[in-house]
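A short worksheet on the structure shown next.
Below, read A as the first sequence line, B as the second, and so on, with proteins coming before strands; counting in each chain starts at 1.
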Amino acid sequence: MSTRLTFLSATRRRPTRIKGGIPLTVSQSVCCRATAGSGVTSQVCNTNLWTASSSPPAAGSGRATGMWMKTLRESPQRKGCLCSQGWSYAIDFPATYTKDKKWNSCVRRRRWLRYRRYKAMDTWAKIPSQQTTLPDPFSDISCGGWEISEEPRGRLSLWAVSLQGKVWFRDGIYHHNPEGSLWEEVFLPGEVIQISCGPGDLVWAVLWEGQLIVREGISRDCPKGSSWAVVESPSPDVGAIHVAVGINVVWAVTKDNKVWFRRGVNSHNPCGSGWIGMVGEMITINVGLNDQVWAINCEDRAVYFRQGVTSSELSGKTWKAITVPRDGDRSHSSASANSLQSAGCYFCGEVRAQSVVSDAESDTEKGSADGASCHATSTSPESFVDAPTDSSNPPTDPPKPRIPKVTSDSFISELVSDREPGKSSRDTGSAPPAVPEEESIPGEGEVKAPCAGSALSPSQSGGPLDPQWSNVDLEEAQQAQTVAVQDTADTCSLSSVATYTLAMEDPYGADEHPLWAWVSGGGCSVDSHSQLNWFNFSMNSSSLVSSVQSMSLSVSPAQTAAWRRQIFEQLSERTKREMDNFRHYEQAVEQSVWVKKGTMQWWRDWKPHKWIDVHFALEQFSGPDGNKDGILFIYYNYYEEKKYLHAFINEVTILVPVLNDSKHTFAIYTPERTKQRWPIRLAAATELEMHDWLALLSVSCCDSRGIHGPPSKQAIWSITCKGDIFISEPSPGLEAMPYPTPCDQMFWRQVGGHLRVVECNSVGIVWGIGYDHTAWVHTGGYGGGFFQGLASSTDNIYTQTDVKSVYIYENQRWNPVTGYTNRGLPTDRYMWSDASGLHECTKTNTKPPSPQWTWVSDWAIDYSVSGGTDREGWQFAADFPASYHGYKTMKDFVRRRRWARKCKLTTTGPWQEIPPIPLSDVTILPCTAQSSVDVIPVWAISNKGDVLCRLGVTALTPAGSSWLHVGTDQPFKSISIGAASQVWAIARDGSAFYRGSVSARSPAGDCWYHIPSPAKQKLKQVSVGRTSVYTVDENGNLWYRQGVTPSYPQGSSWEHISNNVRKVSVGPLDQVWIIADKVQGSHSLSCGTVCHRLGVQPVEPKGQSWDYGIGGGWDHITVRGNSVEPPRLRLPSLTDPSSRSPVPVRNTEVNGVGN
Amino acid sequence: MPYFSCFSGDSRGMTTSVDTALLPFKPTTKHRQKLLLPRVSYLTLVTDKVKKHFLKVMRAEDVEEMWFEYEGTPLKWHYPIGVLFDLHASNNVLPWSITVHFKNFPDHDLLHCPSNSVIEAHFMSSIKEADALKHKSQVVNDMQKKDHKQLWMGLQNDKFDQFWAMNRKLMEYPTEDGGFRYIPFRIYQTMSDRPFIQKLFRPVSPEGSAHSLGDLLKEMYPDAITNDGEQKRYQVVIHGIEPLLETPLQWLSEHLSHPDNFLHICVIPVPTD
């Protein structure tokens, strides 16, 4: 349980978000490892790692996933490296290795086999030593290269250095074979002591003599590279001892502890052009994700972070020391974090995540309070070793009784020790002299661990372990809890036990900071443009300061600091005392009319349509009933004549921001303008001005309608194609029969955040999925984004990011003389274009979709285009535009290839991440108004197509606790659960499946029933209401499942309902809402329009016609929260469509949405 | 002379009620006025109605500059209403009854306030002074004239949104600094001739820990702090409430400052009844 806690809180930083945006590594025990998540598999791993690092994480506003360091005294093990794909690699130095020169390198093995879980996850798997030719143990490993190619999935480069200075490359590492297949020796110009491999194609190594070598020729087809180039040490007299590379950076440390930055390094010039000396003396340096830099200072041995590293300024600005509480410190620091979370804005909210689950897991808090031992446990990678849940997969590393040894065999440490004498006097000031001495023991030496703690027997120290790091993975969670205790003793080597014991019985005083020896920030994703607060001050003050930034008086008292609670209580008392008895007194200040004016551009109503300058004014006043109201005016000139257009604020139904790269525009709709499909379109001069106006107008609209605070549980949620999120409070008459509220009169307000999918139910559980497939849960807040002040809740608002790719096409034509060139025919499309070829899109002129987005990667060839590509990413065709294929034939005269560039948006909203599995679809049980379901079934599809069932979701813990994997024979793409727990899903091949026997007792059901798709159609989406099942196919047809009965829930056949449908949402009343394309209004045609099925009733579940709401540009809607039974009027002519429908239902033929 | 009662009000403004009667005449309910006054505003800014009310019943030759008095103490209009109330009347029964005078202006005690533009000038100079302390005046100087006007209009019209839209900028600070440069504060006391205490004080100690309200008082007004074992002698009141001494000063400055951007702290003796 407690794991779950940490897991939620810590991995919130979405380790799997971006390729390469992963968790961390450790070098703390025999095996050090890194981890990252590629998909479901990584969650366990993340969790564990996280447990350890969750306190310093300290919650940066940056995206720290975690970071581990190793203290000097820690142990035989040296170091490891991590990569982004979820695998960690480590070197194990058996205590006896000096006698038999065996090496051990372990990887953690996790694997899925055809959508069934590979049971031996979370154990260290020894890399099989099929090659006995390896002469000597490894001394350094580095892995990276995950950005070189996505094929095969999970491909990595792992480089290792042996004690004799040889370099080996591990071949054949990919997702299903994380341990790789073969060691290949790489020939060298000298003896290497250390190597560093970046996420891309940079590989640098340090030679014994102090020069550096750079691997050249690394490419997608040749990840091993072809040759070495030698780069001289930065300073002629002093050799380099350490190098660290990232995507486009190289940092080096020389023997005199000077730090150097290599200028001009990139893929085309991996050697760079020159060294720049940097301020600061470091003993080791490490480049993490996003080229962020971490280092250990040689003077105070503290961990430093390089501040200000951005893509334009890769060398950063200054070194900042980080406060890194160690394992032993963790319990109290996390406790303090808890008390501070009340602050309302605990950065990225890892602590908030805790509060979400705190009820369920309060007992685990106790576990963590037990003291350092459990925390320390989690820091020791070997104790991650999971309870083996499958007897057929016993731990690959059989327990060997060993006497704990501190073996210092790294070349680095020897080099460190070279210079140690000069410094020892200084060092002794802060550290026991034993420490540097230990470190200076030459490689072969073995020293008995000096600490008494290390002598503890495994049973002693293993006994009290609280498996608070236990598995998040439900299937195994229970077992893990029980088995872990003895298991730790069984499968962990003694040395790891000793390791955490060391940490527990820390000989240092509490206020002395540890002496760090190694750092890897590989799992710590820091946004270059975000501020990291968490290490500027001590834990306490920094979180305080930040909490101050958003005061929240409304948090529950139990979570609140005393002073804050006091202020809140006294203020309410004061209000009672000073206000409540005097409400009848006259206001000293009369509320008057308040006018805000500005200038804007308006997309004029008459032809030719164009932007014209207008004056814009909002007049606000108190309405007769005390509600604020207002009128907005647009003053324009019509052929020299001054005119104006106005709209009453209480008639405005929605304000839609339409940011694009050239103009800051927004649209204002009223019911009338929704019918016309012709909103008032305005453009502000700057983004800021637009947001100011939008926030103001939005508050004004909400005021006039008396809508305040968070969305209700019944709210209808929708999302535009820009990812903006809107909610509408359904009126009781919305589903009324026969006169429902016309849906163009629905009022929509925006909430912050950016999502692609949102799903909700009527107990207020709302989940979202971002464009980058990150799962989010609604915190119950409102506002965020550009909403400020009263329009936004002050707590429950968190940073949210999203990432998507922008694609451009490089087009070429073949000519007989020169072959393919970028000179096309005069009639050809642009040689750099968008997908249509109509618009020129070059690498330089293509901007992110709007100013909210910033580039986070460079242009890269996209090989994953449908139709396939050749080795260089080209697709061939006879001519533009045509169907493309991935190989050249004689008839092909043109070719194109797609370039992708990732861009990222950072905003805020009432959303909290649910790490770590990226999702493509999610569904929540729609509860009827009466039902009282405690644990609410939530099903999801991962972006790999796995079907997942979320456990532990309740109204209080909407994020749930853990995923249960549901086996399938093929990847799925859509899923929906009905009110009676009937689960329907759509597979990637377009057929439907029904899940049998899903119930509260068996939340995952038992088997899938295949249901053929409608003839010649591939289904893409499904939604199940109370009883109705609707699907949408890839050609935009909406289908209703006929013959569904309780005894035969699969139904009998598909009945066609409508075409031009993009998405369907069926609610708990069986109400049917869709997003439709090609809806004709009186002025314009719109795509992506919200439509409501009219005439749906128990005897007529298919309904009769469509009513048209807001649009176009809408992408998603969910009505599954609206379970309020409408007042039913008994009228005789219900079944006769001609006699009902007061709604001005637009002609369905014209509208294009057939009946 | 008329009197009226004031009391203080809600969390974002405060309100006052005014209860008046004209002494030259027989006090009747007709001559009393009840008003809700915003705590954060200024007496002379919100008492137009009072003035109009009494002008109707007074002889023109009796009317000179209006001023206010409570239990013999002339009320300084240039202190926020809430401060005046906390300082002089916080432990008294509401509504706060204060007396309006139209004669014998106490020149040595009060500033003249011939028009609202004087209040505006006073208010703006306070904001500028506060920003000088907080940001070396950078923020307020970056604002345009209309932004200044918006701050003032927000206060004048009791429009919090309008005011805060601008004031938000004055409350920002670089995260790495951990707070403002100096906290703009004033400590008022009834027992001294000094108008108030105002010195330089940073929100964060040189060691990097956040200063609390207690830290400030320890340095500025040690007597205000009740030591262990002592009888509590003083109340430290901000906006009518007594925050705990451990409350971070920076937080107070951001959230409990008056519109003039100063944190007004009243130290008043504990009532002895």
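- B:E242 touches chain A through backbone and side chain together, each having a heavy atom under 4.5 Å away.
- The CD atom of A:Q566 sits 7.5 Å away from the CD1 atom of B:I241 when rounded to the nearest 0.5 Å.
- Shown here is B:K232, whose NZ atom has more than 12 heavy atoms of other residues, nucleotides or ligands within 6.0 Å.
- The 12-atom threshold is exceeded at CE of B:M171, counting heavy atoms of other residues, nucleotides or ligands nearer than 6.0 Å.
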Open item on the list: Please determine whether side chain to side chain contact (heavy atoms under 4.5 Å, CB included) holds for the pair B:L252 and A:I567, giving the CA-CA distance in whole Å, both sets of side-chain angles, and the decisive distance to 0.1 Å.
Closed with: CA-CA 10 Å; B:L252 285 174; A:I567 287 175; 4.2 Å; yes
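- One distance of note links CZ of A:R564 with OG1 of B:T247; it measures 9.5 Å at 0.5 Å rounding.
- Counting non-hydrogen atoms of neighbouring residues, nucleotides and ligands closer than 6.0 angstrom, the NE2 atom of B:H122 exceeds 12 such neighbours.
- For the atom pair CG (B:D86) and CZ (A:R574), the distance works out to 8.0 Å, reported to the nearest 0.5 Å.
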